There are 2 protein chains.
Amino acid sequence: MSEDELTKLVKTLKALANPIRLRMIASLAEEPKHAYALAKEMGLSYPLAHLHLKGLRKLGLIEEITPETKTEGRPPSKTYSPSDFELVLNPSKILETVKEGIV
Amino acid sequence: MSEDELTKLVKTLKALANPIRLRMIASLAEEPKHAYALAKEMGLSYPLAHLHLKGLRKLGLIEEITPETKTEGRPPSKTYSPSDFELVLNPSKILETVKEGIV
DNA sequence: AATATATATAAAGAATTTCTTATATAAAAG
DNA sequence: CTTTTATATAAGAAATTCTTTATATATATT
């Protein structure tokens with residue numbers, strides 16, 4: 001059930017096509033943090049933040065990092081950071097993606 | 001009512017986050033054509049094709065071109081071609097976009 | 001012990017997007 | 001003059017996405 005490139009691209013674009021998710025990536029780019037702190041900072045309910053983060057993580061746009069410097073003595077918390085992704089899109093790239101496999 | 005960069009980016013990403021619209025751009029990149037021909041080629045109803053094209057045109061992702069070589073003697077028809085856009089997106093760019101205006 | 005921090009998920013409702021059907025117009029070809 | 005090519009839009013249905021509310025669990029601080 002290997003997914004084609006076009007489907008994958010559409011999923012990635014959908015994940016990015018949302019102001020909350022973009023602001024999440026921006027915030028985590030400034031400083032990695034965990035879901036709860038991010039939710040509070042952004043004025044979102046935790047379940048909503050969790051849902052958006054889940055979507056971003058699923059597509060590999062953010063990842064869990066193991067912070068060497070534990071912020072406090074408090075233990076279980078997943079710290080998120082943006083993945084080092086780069087998306088470049090122009091008409092030729094789109095044509096290539098749509099035509100994949102036919103090669 | 002000038003729209004901020006983040007809103008504009010989200011709109012562009014939404015416009016691109018759809019398989020039909022991506023295939024449209026790909027098809028027009030291979031060869032510019034008008035809406036009716038594109039709809040037939042892609043197996044879409046004309047109203048649906050028109051709707052998607054309208055969205056792409058509104059965001060400047062495709063444009064009407066005036067073809068020097070009229071395909072046939074048939075006159076009124078808008079020929080579409082992808083605009084020469086390039087979207088580059090990575091965590092830093094997203095951070096910049098989210099932070100616009102604060103500069 | 002109670003409160004704040006922290007995670008996770010499901011269910012229901014709200015909002016948005018997508019798609020079809022219908023309608024209208026007009027010119028060229030057969 | 002009927003069919004094919006061509007454009008444009010509106011209304012409603014269908015599907016998807018987004019958001020809230022509720023529930024459950026567990027540790028740390030006060």
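Note on naming: letters A, B, ... go to the chains in the order of the sequence lines (proteins, then strands), and numbering restarts at 1 for each one. Quantities reported herein were computed from a predicted structural model and do not represent experimental measurements.
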Measure across B:Phe85 and B:Leu16 and return the closest heavy-atom pair with its distance rounded to 0.1 Å.
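Minimum heavy-atom separation between B:Phe85 and B:Leu16: CZ-CD2, 4.4 Å.
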When we call it a touch if two heavy atoms are under 4.0 Å apart, what does B:Lys33 touch: a base, just sugar-phosphate, or nothing?
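B:Lys33: no heavy atom of the nucleic acid under 4.0 Å.
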Remember a base hit wins even if backbone is also touched, and classify B:Ala37 as base, sugar-phosphate or nothing at under 4.0 Å, heavy atoms.
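Nothing: the residue B:Ala37, judged by heavy atoms under 4.0 Å, touches no strand.
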With hydrophobic residues grouped by side-chain heavy-atom distances under 4.5 Å, do A:Leu89 and A:Leu95 end up in a single group?
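Hydrophobic grouping puts A:Leu89 apart from A:Leu95.
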B:Ile65, B:Tyr36: one ILVMFWY side-chain cluster at the under-4.5 Å cut-off?
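The answer is no; the residues belong to distinct hydrophobic clusters.
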Find the distance [X]:[atom1] to [N]:[atom2] and express it as a whole number of Å.
X	N	atom1	atom2	value
A:Glu41	C:dT5	CD	P	15 Å
A:Arg57	C:dT7	CZ	C1'	10 Å
A:Tyr36	D:dT29	OH	P	15 Å
A:Leu59	D:dT17	CG	C1'	14 Å
A:Leu38	C:dT5	CG	P	15 Å
B:Leu44	D:dA6	CG	C1'	16 Å

Tell me whether the OP1 or OP2 atom of C:dT5 has a side-chain N or O from A:Lys40 closer than 4.0 Å.
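Result: yes.
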Residues from [range] sitting under 4.0 Å of DNA chain C, heavy atoms only?
range	answer
residues 49-56 of chain A	A:His50, A:Lys54
residues 23-31 of chain A	none
residues 13-20 of chain B	B:Lys14, B:Asn18, B:Ile20

Under the side-chain contact (heavy atoms from CB on, under 4.5 Å) test, which residues partner B:Pro82, sequence neighbours left out?
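Residues passing side-chain contact (heavy atoms from CB on, under 4.5 Å) with B:Pro82: A:Pro91, B:Ile25, B:Leu28, B:Ala29.
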Listed pairs under 3.5 Å, donor-acceptor, residues 46-64 of chain A side chains, sequence neighbours left out:
unit_1, atom_1, unit_2, atom_2, d
A:His52, ND1, A:Arg21, NH1, 3.0
A:Arg57, NH1, A:Tyr80, OH, 3.1
A:Glu63, OE1, A:Ser83, OG, 3.3

With side chain to side chain contact (heavy atoms under 4.5 Å, CB included) as the test, would you mind laying out the steps for A:Thr97 and B:Leu22 before giving the verdict?
CA-CA 9 Å; A:Thr97 304; B:Leu22 286 180; over 6 Å; no
Return the set of residues passing side-chain hydrogen bond (donor to acceptor under 3.5 Å, both in side chains) with A:Lys11 (not counting sequence neighbours), or none when no residue passes.
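Only A:Glu3 meet the side-chain hydrogen bond (donor to acceptor under 3.5 Å, both in side chains) criterion with A:Lys11.
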Residues in side-chain hydrogen bond (donor to acceptor under 3.5 Å, both in side chains) contact with B:Ser92, at least two apart in sequence or another chain:
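Result, side-chain hydrogen bond (donor to acceptor under 3.5 Å, both in side chains) vs B:Ser92: none returned.
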Below 4.5 Å, heavy atoms only, C-beta onward: do B:Leu87 and B:Leu9 meet side chain to side chain?
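Yes, close enough: below the 4.5 Å cut-off.
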Partner residues of [X] under the salt bridge (Lys or Arg N to Asp or Glu O under 4.0 Å) criterion, sequence neighbours left out:
X	result
A:Lys33	A:Glu41
A:Glu96	none
A:Glu86	none

Please confirm whether the backbone N or O of B:Lys8 pairs with a side-chain atom of B:Thr12, one donor and one acceptor, at under 3.5 Å?
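Such a contact is found between B:Thr12 side chain and B:Lys8 backbone.
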What nitrogen or oxygen pairs link the protein and nucleotides 21-26 of chain C at under 3.5 Å?
none

How is the hydrophobic cluster of B:Val88 composed, in terms of its other members, when Ile, Leu, Val, Met, Phe, Trp and Tyr link through side-chain heavy atoms under 4.5 Å apart, directly or indirectly?
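Its cluster mates, by chain and number, are A:Val88.
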